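Quick notes on the structure that follows.
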Amino acid sequence: MNEYNYIIVGSGIAGLYTSLLAREHGTVLILTKGSIDECNTKYAQGGIAAAIGQGDSAELHFRDTMAAGAGLCDPEAVRLLVEEAPDRITDLVNFGVPFDTLNGEVALTREAAHSVPRILHAGGDATGEHIEVTLSRMARLAKVTILEHFLATEIIVEDGVAKGVRALDCSSGSFEEFGSKSVILATGGGGGLFKFTTNPEIATGDGIALAYRAGAEITDMEFFQFHPTALRLPGVTRCLISEAVRGEGGILRNEEGRQFMFDYSPDGDLAPRDIVARGILSEMRKTGSDRVFLDVTHLPSRKISARFPHIYRFCLDHGLNITKSLIPVSPAAHYMMGGVKTNVWGETNIAGLFAAGEAACTGVHGANRLASNSLLEVVVFAKRILERTGKASRPSKRARRRREQDYVSLSDREATGAVPALSLPAFQSLMWDKVGIVRSGEELEKAASILASWQETLKKPSDRPSYELSDMILVGRLMAEAALIREESRGAHFRTDFPEPLPAWQRHIVFRKTD
Ligand code: FAD
Ligand code: SIN
């Protein structure tokens, strides 16, 4: 078995940034299932939040993050997030990320539910691409070993301690094992579980499935964020239309041309994402349409093309000049708040196993993530993983457990109705229809039962698509079961049969496998 000081699974911002810090402490291997830049990170538009502007403070950022999280954020984790943000931004600048400036100062934009402009961006709306390109170049220069097209299929655990990773070489079809005392999951999110998503194809929740099978605790899976505004043009990929477009003055209008968001929230177009997504869905139903429109035609056209060059160009290439015409949009699956449960040092409950980035649940997002806090979460908590592993010869045995929580495990389910034939589109439609933006106990029951039946019929995976499908079904089950258990509405989790938040539910649902 090839041994490394660190094994990192994934090459988005979490994998790359962690690798650069880890390289100072020893040998580092990155395994990534596609080419290095196939990841959510590359598509990030709005930017990265940090309280560095005039009139802003860590305290204000703390309050906004806590409010968005709807009672389920871990205050200690949020405090670290907002206080360590400026230093981590400096790290990114030192690595070479070219954040935009205005009159010699870092340019800051505003997104929903932030009380002041505090989002740094790069290349206008190409923040993620700049981060990905900069960090991957640095990782290659730092002589991090990077194996592309290697799919992690198992975390090797012996006597409760992570020892390495088993992976499929997708080019040759053979399996290899790699050993390390520190295994870091940086596998990203799971937008690919849903029919409509802003995420690229790699986002299949693999890290959650790998960790669950290895015995790690998985939490907050009922909280999945749907972005209100993905481009809805026939036959065109769901390109995100950044929230920053509304932050710069864009207005949502329904089929009839009426601005409608003030019917749903006093914050109008800049209300929290879950409220805007549900508002759009309700307008679509009222008007019998599959879209609403984002209007930027009243803004100076030079400002639009300069501030959002990627969105402007993408739409123009598909025949839509957004400075002159309304942009058709509808909600799409975007960000997974839940994930592998970690403490504030990125440690899971398995010694030697860490999680970073969207795959992790550090406690900063609670029931709903504040825009542009995810890139920030990655850099703040990745740094902390290295502070812990760099100092201690061995990671501590158990993660701290302070949050109020209920432990559950996935149990067998009887199929209660007809089970449709399993295919990826059938799975994604089921998740979208029954475990999506608006949920009910009845539909969740059906989804959970079908998912359990599908899981039983799965053959042993042998290649990347079959591993991904098997992982997605497991992760879909964790989402559906958690959503079923949480009989209330809170943050991104909305149930028509329990439409209000309940004080008794100010707690977390944690899954762990029982043998
Ligand atoms: P990713 O960047 O998704 O990387 C995951 C990596 O893991 C990939 O390399 C993948 O190939 C690899 N991988 C997965 N499974 C396996 C496996 N089994 N074996 C090997 N490799 C594997 N957040 C913000 O803060 N600000 C924004 O402006 C913003 N805009 C966004 C716009 C879009 C369109 C999207 C989709 C997301 C946006 N987000 C934004 C969210 C943010 O981009 C992500 O949360 C963040 O980039 C996640 O980084 P990551 O490194 O954890 O995961
Ligand atoms: C966006 O630009 O709207 C996405 C920002 C985010 O998801 O944080």
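Start at 1 and go down the list; that is how both ligands and their atoms are numbered. Nothing here was measured: the structure is a model prediction, and the numbers come from that model.
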Exercise. Going by the angle between their ring planes, with limits at 30° and 60°, are His365 and Tyr335 parallel, tilted or perpendicular?
Worked result: perpendicular

Exercise. So is His227 polar-close to ligand 2, meaning N/O to N/O under 3.5 Å?
Worked result: yes

Problem set entry | ligand 1 contact on Thr32 by region, counting heavy-atom pairs under 4.0 Å | both

Exercise. So is Tyr467 close enough to ligand 1, meaning a heavy atom under 4.0 angstrom away?
Worked result: no

For this session: Quick one: look up the protein heavy atom nearest atom 22 (C) of ligand 1 and list residue, atom name and how far away it is.
Result: Lys33 CG, 3.7 Å

For this session: Enumerate the atoms of ligand 1 whose separation from the nearest heavy atom of Tyr43 is less than 4.0 angstrom.
Result: 32 (C), 33 (C), 34 (C)

Exercise. Has ligand 1 got any nitrogen or oxygen that is less than 3.5 angstrom from a nitrogen or oxygen of Leu375?
Worked result: yes

Problem set entry | Check: Ser180 side chain, Ser182 main-chain N or O, donor-acceptor pair, under 3.5 Å | yes

Exercise. Does Gly207 reach ligand 1, in the sense of a heavy atom lying below 4.0 Å from it?
Worked result: no

Exercise. Quick check: does Ala152 get an N/O under 3.5 Å from an N/O on ligand 1?
Worked result: yes

For this session: Return yes or no for this condition: an N or O of Thr198 is under 3.5 Å from an N or O of ligand 1.
Result: no

For this session: Say whether, by atom type as modelled, one donor and one acceptor occur between the side chain of Arg118 and the main chain of Ala50 under 3.5 angstrom.
Result: no

For this session: Check whether any N or O atom of Ile13, backbone or side chain, sits under 3.5 Å from an N or O atom of ligand 1, and answer yes or no.
Result: yes

Problem set entry | Nearest protein heavy atom with distance in Å, relative to atom 2 (O) of ligand 2 | Ser242 OG, 2.7 Å

Exercise. So His318 and Phe314, would you call those rings parallel, tilted or perpendicular, with 30° and 60° as cut-offs?
Worked result: tilted

For this session: Tell me which one of Thr153, Thr187, Leu376 gets a heavy atom nearest to atom 5 (C) of ligand 1.
Result: Thr187

Exercise. Does Glu132 come within less than 4.0 Å of ligand 1, judged by its heavy atoms?
Worked result: no

Seminar exercise, completed: Of Ala14, Ala44, Gly47, the residue with the heavy atom nearest atom 28 (O) of ligand 1 is Gly47

Exercise. Quick one: which ligand 2 atoms are inside 4.0 Å of a heavy atom on Glu111?
Worked result: 1 (C), 2 (O), 3 (O), 5 (C)

Exercise. Heavy atom of Leu240 under 4.0 Å from ligand 2?
Worked result: yes

Exercise. Are any of the heavy atoms in Arg369 under 4.0 Å away from ligand 2?
Worked result: yes

Seminar exercise, completed: The atoms of ligand 1 lying under 4.0 Å from a heavy atom of Arg369, numbered in the order shown, are 23 (N), 24 (C), 25 (O)

Exercise. Would you say Tyr335 has any N or O atom under 3.5 Å from an N or O of ligand 1, going by distance alone?
Worked result: no

Seminar exercise, completed: atom 35 (C) of ligand 1: closest protein heavy atom, distance to 0.1 Å, is His334 CE1, 3.5 Å

Problem set entry | Heavy atom of the protein closest to atom 53 (O) of ligand 1 (residue, atom name, distance) | Gly188 CA, 3.2 Å

Exercise. Is any NZ, NE, NH1 or NH2 atom of the basic residue among Arg388 and Glu347 found under 4.0 Å from an Asp or Glu carboxylate oxygen of the other?
Worked result: yes

For this session: Report the nearest protein non-hydrogen atom to atom 36 (C) of ligand 1: residue, atom name, distance rounded to 0.1 Å.
Result: Asn199 ND2, 3.3 Å

For this session: Report yes if the distance between the aromatic ring centroids of Phe194 and Phe196 is under 6.0 Å, otherwise no.
Result: no

For this session: Could you say whether the N/O atoms of His334 and ligand 2 ever approach to under 3.5 Å?
Result: yes

Exercise. Should Glu377 and Arg369 count as an ion pair when the cut-off is N to O under 4.0 Å?
Worked result: no

For this session: Output yes when Arg253 and Asp295 qualify as a salt bridge under the 4.0 Å nitrogen-oxygen rule, no when they do not.
Result: yes

For this session: Without swapping roles, check the side chain of Asn2 against the backbone of Phe178 for a donor-acceptor pair under 3.5 Å.
Result: no

For this session: Please confirm whether the backbone N or O of Gly192 pairs with a side-chain atom of Asn199, one donor and one acceptor, at under 3.5 Å?
Result: no

For this session: Decide whether an N or O pair under 3.5 Å exists between Asn40 and ligand 1.
Result: yes

Exercise. Are any of the side-chain nitrogens in Lys383 or Glu84 under 4.0 Å away from the carboxylate oxygens of its partner?
Worked result: no

Seminar exercise, completed: Residue, atom and distance of the protein heavy atom nearest atom 7 (O) of ligand 1 read Gly10 CA, 3.2 Å

Exercise. What atoms of ligand 2 come within less than 4.0 Å of a heavy atom belonging to Ser372?
Worked result: 6 (C), 8 (O)

Exercise. Is the shortest distance from a Lys or Arg side-chain nitrogen in Arg273 or Glu243 to a carboxylate oxygen in the other one below 4.0 Å?
Worked result: yes

Problem set entry | Contact check: Gly46 vs ligand 2, nitrogen or oxygen atoms, below 3.5 angstrom | yes

Problem set entry | For Ala186, the ligand 1 atoms whose distance to one of its heavy atoms is below 4.0 Å | 5 (C), 6 (C), 7 (O)

For this session: Below 4.0 angstrom from a heavy atom of Asp206, which ligand 1 atoms are there? Numbered from 1 as shown, please.
Result: 15 (N), 16 (C), 17 (C), 18 (N)

Problem set entry | salt_bridge(Arg307, Asp125) N-O dist < 4.0 Å | no

Exercise. Near Ala371, which atoms of ligand 2 are under 4.0 Å from a heavy atom of that residue?
Worked result: 8 (O)

Exercise. Does a side chain donor of either Glu283 or Tyr264 reach within less than 3.5 Å of an acceptor in the other side chain?
Worked result: yes

For this session: Number the atoms of ligand 1 from 1 as they appear, then name those within less than 4.0 Å of a heavy atom of Gly12, with their elements.
Result: 2 (O), 4 (O), 6 (C), 9 (O), 51 (O)

Exercise. Where on Leu240 is there a heavy atom closer than 4.0 Å to ligand 1, on the side chain, on the backbone, on both, or on neither?
Worked result: side chain

Exercise. Any heavy atom of Arg273 sitting closer than 4.0 Å to ligand 2?
Worked result: yes

Seminar exercise, completed: Under 4.0 Å from one or more heavy atoms of Gly46, ligand 1 contributes atoms 28 (O)

Seminar exercise, completed: In ligand 1, the atoms that come under 4.0 Å of a heavy atom of Gly357 are 52 (O)

Exercise. Among all protein non-hydrogen atoms, which one is nearest to atom 41 (C) of ligand 1, and what is the separation to 0.1 Å?
Worked result: Ser374 OG, 3.5 Å

Exercise. Going by an N to O cut-off under 4.0 Å, is there a salt bridge joining Arg166 and Glu177?
Worked result: yes

For this session: Please report which non-hydrogen protein atom sits nearest to atom 47 (O) of ligand 1, along with the residue it belongs to and the distance in Å to one decimal place.
Result: Thr41 OG1, 2.9 Å

Exercise. Under 3.5 Å between some N or O of ligand 2 and some N or O of Gln45?
Worked result: no

Problem set entry | Any Thr127 heavy atom less than 4.0 Å from ligand 1 | no

For this session: Around atom 45 (O) of ligand 1, find the nearest protein heavy atom and jot down its residue, atom name and distance.
Result: Glu358 OE1, 2.6 Å

For this session: For Glu243, take its heavy atoms, then give the atoms of ligand 2 lying under 4.0 Å from any of them.
Result: 1 (C), 2 (O), 3 (O)

Exercise. Hey, is ligand 1 close enough to Ser11 that some N/O pair sits below 3.5 Å?
Worked result: yes

Problem set entry | Sole residue of Val97, Thr127, Leu16 in side-chain contact (heavy atoms from CB on, under 4.5 Å) with Glu132 | Leu16

Exercise. Can you list the ligand 1 atoms lying under 4.0 Å from a non-hydrogen atom of Glu38?
Worked result: 8 (C), 9 (O), 10 (C), 11 (O)

For this session: Check whether any heavy atom of Gly128 sits under 4.0 Å from an atom of ligand 1.
Result: no

For this session: Output, in order, the C-alpha distance, side-chain angles, deciding distance and verdict of side chain to side chain contact (heavy atoms under 4.5 Å, CB included) for Val475 and Met221.
Result: CA-CA 8 Å; Val475 175; Met221 292 304 287; 3.7 Å; yes

